[in-house]
Amino acid sequence: MKHNIKIAAWNDLREDAALIRNEVFVAEQNVPAELEMDEMDALCVHAVAYDEGGTPVATGRLLPDGHIGRMAVRKTGRGQGIGGAVLQALMAAARQRGDHEVALNAQTHAASFYGSHGFTQEGEEFMEAGIPHIHMRAALD
């Protein structure tokens with residue numbers, strides 16, 4: 001699937017990012033809606049991937065402290081490399097602003113995906129929003 005990734009502030013991508021996050025996290029994974037959107041969104045760099053028809057299919061955010069979060073791909077876009085492209089776009093944005101590393105809390109089932117993009121696991125598994133996670137970190141060259 002061909003896609004186009006936009007990197008912008010929350011005000012510019014809010015509608016599309018929220019649509020994806022609500023579909024994936026709230027509807028599919030039963031994350032409480034009040035936990036999904038937070039005050040950090042306004043401070044983050046956001047990425048949204050669109051398919052050829054302009055439909056938003058994936059999103060993620062880069063926090064001011066170098067953490068990547070809220071990575072989500074709609075069912076129609078999974079397994080096609082779009083999540084990896086969003087992750088790489090956020091890593092590039094971090095590199096461009098001068099960050100030397102990025103970190104994230106990966107859902108445990110997705111740890112191998114992040115590992116394939118240079119992230120290494122740190123610490124023990126923990127629960128976040130009722131879902132098992134592992135902390136991961138990657139150096140930026």
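Predicted model only: the values in this text are computed from it and were never measured. Excluded from the calculations below are hydrogen atoms, water molecules and symmetry mates; all remaining heavy atoms, backbone and side chain alike, are included.
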Mind checking the CD1-CE spacing from I68 to M136? Nearest 0.5 Å is all I need. 11.5 Å
Please tell me whether I5 and V24 are part of a single hydrophobic cluster in this structure, the criterion being side-chain heavy atoms less than 4.5 Å apart. no
Check for a donor-acceptor pair, side chain of T59 on one end and backbone N or O of V48 on the other, with a separation under 3.5 Å. no
Inter-residue atom distance Y50.OH - H3.NE2, 0.5 Å rounding: 13.0 Å
R78/E28 under salt bridge (charged side-chain N to carboxylate O under 4.0 Å, His left out): CA gap, chis, key distance, verdict: CA-CA 14 Å; R78 293 181 191 157; E28 284 183 35; 2.8 Å; yes
Is there a salt bridge (charged side-chain N to carboxylate O under 4.0 Å, His left out) between D38 and R70? Walk through the geometry before answering. CA-CA 11 Å; D38 63 22; R70 303 305 200 269; 3.1 Å; yes
Report the distance from atom CE of M91 to atom CG of D141, rounding to the nearest 0.5 Å. 9.0 Å
Test side chain to side chain contact (heavy atoms under 4.5 Å, CB included) on L87 and F119; report intermediate values, then the result. CA-CA 11 Å; L87 180 61; F119 285 80; 4.1 Å; yes
Do E128 and Q107 pair up side chain to side chain, a donor and an acceptor below 3.5 Å, judged on atom types alone? no
Are side-chain heavy atoms of L63 and M40 found at a separation under 4.5 Å? yes
Does any part of the side chain of Q29, heavy atoms only, come nearer than 4.5 Å to the side chain of I131, both counted from C-beta? yes
Counting only N and O atoms by type, is there a donor-acceptor contact under 3.5 Å from the side chain of Q80 to the main-chain atoms of T76? yes
Say whether F25 and L35 are linked into one hydrophobic cluster, either directly or through other cluster members, by side-chain heavy-atom distances under 4.5 angstrom. yes
Whether D41 and R14 form a salt bridge (side-chain N of Lys/Arg under 4.0 Å from carboxylate O of Asp/Glu) is what I want to check. no
Rounded to the nearest 0.5 Å, what's the gap from CG on L43 to CH2 on W10? Could you check? 12.0 Å
I need the minimum non-hydrogen distance between Y114 and A106, along with the two atoms involved. CD1-CB, 3.5 Å
Going from CG on D16 to NZ on K6, what distance comes out if it is rounded to the nearest 0.5 angstrom? 7.5 Å
N105 and H135: side-chain donor and acceptor closer than 3.5 Å? yes
Same cluster or not: are M71 and L104 linked, directly or through other Ile, Leu, Val, Met, Phe, Trp or Tyr residues, by side-chain heavy atoms under 4.5 angstrom apart? yes
Between the main-chain N or O of T55 and the side-chain N or O of D51, is there a donor-acceptor pair closer than 3.5 Å? yes
Between R21 (side chain) and E36 (backbone), is there a donor-acceptor pair under 3.5 Å? yes
Would a line drawn from the ring center of H109 to the ring center of H133 be shorter than 6.0 Å? no
Do I7 and V45 have side-chain heavy atoms sitting under 4.5 Å apart? yes
Can you tell me how far CG of L62 sits from CD of Q96, rounded to the nearest 0.5 angstrom? 11.0 Å
Tell me the closest heavy-atom pair linking I82 and G77, and the distance in Å. CD1-O, 3.9 Å
Between D99 and E101, is there a donor-acceptor pair closer than 3.5 Å when you use the side chain of the first and the backbone of the second? no
